[in-house]
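Notes follow once the structure below has been shown.
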Amino acid sequence: MLLTLTGGAGAGKTTLAMALAADAPRRPLRVLHGDDYYFRTPEQGVWTPDETGTPRLDAGDPRSLDTERLTRDTDAALGAAEHVIVDGMFAHHTAPRTPHLRFDVFVDLPADLRLARKIRRKCLSEGFPLDVLLRNYVDHRREAHDRHVEPARYVCDLVVDGTLAPHVLARQVWAAATDKAD
């Protein structure tokens, strides 16, 4: 079964993926993280210059994701594992060719909490400049979320409340996915 976790930056998709892996009803299981599939060079993806003129990848645009490589890796994982979890802002776009059951989850979290989590992770833990993160959010990422990520909520099989504890969400997701598979 392919299980995708879609939602905004900071919604808790990767944390939920880890909880789902820990609580999986069957093994083997593979987890693929969408963040590992963004293009790395300006020849591919959507790149825009920052205030200094330095090109930066627009991670809020699905065209910046190497969907061909993600598809290949998802196909390979589906051939080797009982469950494959793909997490990422655009995980619901994953379209492997291997026949499989599929369950799509949208992790919902209010924008202010997503922003607070992103500040904690990127700025406080990784040292990313807060003013750059906030300018990017206000000038671009809010609108990109509304245009590219938010519509997924209406096509996913389940919307979960990202304020709940990951182990609680994992139980909800596995129960709903199992019901759909039966």
Side-chain angles (χ1 to χ4, degrees), residues 2-20 31-40 42 44-71 74 85-95 102-126 128-166 168-169 172-173 176-177:
L2 173 63
L3 185 64
T4 70
L5 305 175
T6 298
K13 301 172 300 294
T14 300
T15 302
L16 177 54
M18 291 185 307
L20 286 163
V31 178
L32 302 175
H33 302 289
D35 287 351
D36 296 337
Y37 291 88
Y38 282 103
F39 290 114
R40 301 287 182 223
Q44 297 173 299
V46 177
W47 294 74
T48 55
D50 66 12
E51 64 277 352
T52 68
T54 304
R56 302 280 182 204
L57 181 70
D58 183 355
D61 190 310
R63 296 173 297 169
S64 293
L65 194 67
D66 187 347
T67 54
E68 288 180 27
R69 188 166 57 94
L70 178 57
T71 296
T74 303
I85 299 169
V86 177
D87 79 74
M89 287 194 299
F90 310 112
H92 72 287
H93 289 292
T94 305
R102 180 184 184 113
F103 194 75
D104 297 306
V105 177
F106 187 88
V107 183
D108 186 33
L109 192 71
D112 62 332
L113 296 178
R114 285 187 282 111
L115 180 59
R117 286 180 179 180
K118 187 151 182 154
I119 289 170
R120 184 183 322 132
R121 182 179 69 234
K122 295 287 289 178
C123 300
L124 300 179
S125 296
E126 299 173 15
F128 191 84
L130 177 61
D131 61 327
V132 173
L133 185 139
L134 291 174
R135 185 172 42 256
N136 186 34
Y137 177 79
V138 170
D139 292 347
H140 179 71
R141 292 302 292 269
R142 271 187 322 174
E143 187 272 327
H145 173 86
D146 290 344
R147 183 167 21 111
H148 297 299
V149 180
E150 193 62 27
R153 108 175 18 253
Y154 305 105
V155 297
C156 285
D157 298 297
L158 178 67
V159 176
V160 296
D161 179 353
T163 64
L164 298 176
V168 172
L169 293 178
Q172 287 179 2
V173 170

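The structure presented is a predicted model; accordingly, all values stated were derived computationally and were not measured.
Within 6.0 Å of CZ in R120 there are 12 or fewer heavy atoms belonging to other residues, nucleotides or ligands.
The salt bridge (Lys or Arg N to Asp or Glu O under 4.0 Å) search around D161 returns none, not counting sequence neighbours. Here P129 pairs with D131, V132 under the side chain to side chain contact (heavy atoms under 4.5 Å, CB included) rule; sequence neighbours left out. For R142, there are no salt bridge (Lys or Arg N to Asp or Glu O under 4.0 Å) partners, not counting sequence neighbours. Looking at residues two or more places apart in sequence or on another chain, you find a side chain to side chain donor-acceptor pair (under 3.5 Å) between T54 and T52. By the side chain to side chain donor-acceptor pair (under 3.5 Å) test, N136 is found to be paired with no residue, residues two or more places apart in sequence or in another chain being considered. Scored by the side chain to side chain contact (heavy atoms under 4.5 Å, CB included) test, E143 finds R147 as partners (sequence neighbours excluded). Take A111 and apply the side chain to side chain contact (heavy atoms under 4.5 Å, CB included) test, not counting sequence neighbours, and it matches R114, Y137. Here K122 pairs with E126 under the salt bridge (Lys or Arg N to Asp or Glu O under 4.0 Å) rule; sequence neighbours left out. Annotation: salt bridge (Lys or Arg N to Asp or Glu O under 4.0 Å) contacts of D58 (sequence neighbours excluded): none. With sequence neighbours left out, R56 forms a side chain to side chain donor-acceptor pair (under 3.5 Å) with D50. For R117, there are no side chain to side chain donor-acceptor pair (under 3.5 Å) partners, not counting sequence neighbours. In terms of the side chain to side chain contact (heavy atoms under 4.5 Å, CB included) criterion, residue partners of L57 (sequence neighbours excluded) are, by chain and number, Y38, W47, S64.
No side-chain heavy atom of D104 sits under 4.5 Å from any side-chain heavy atom of F106.
Remark: side-chain polar atoms of K118 are not paired, donor with acceptor, to backbone N or O of A11 under 3.5 angstrom.
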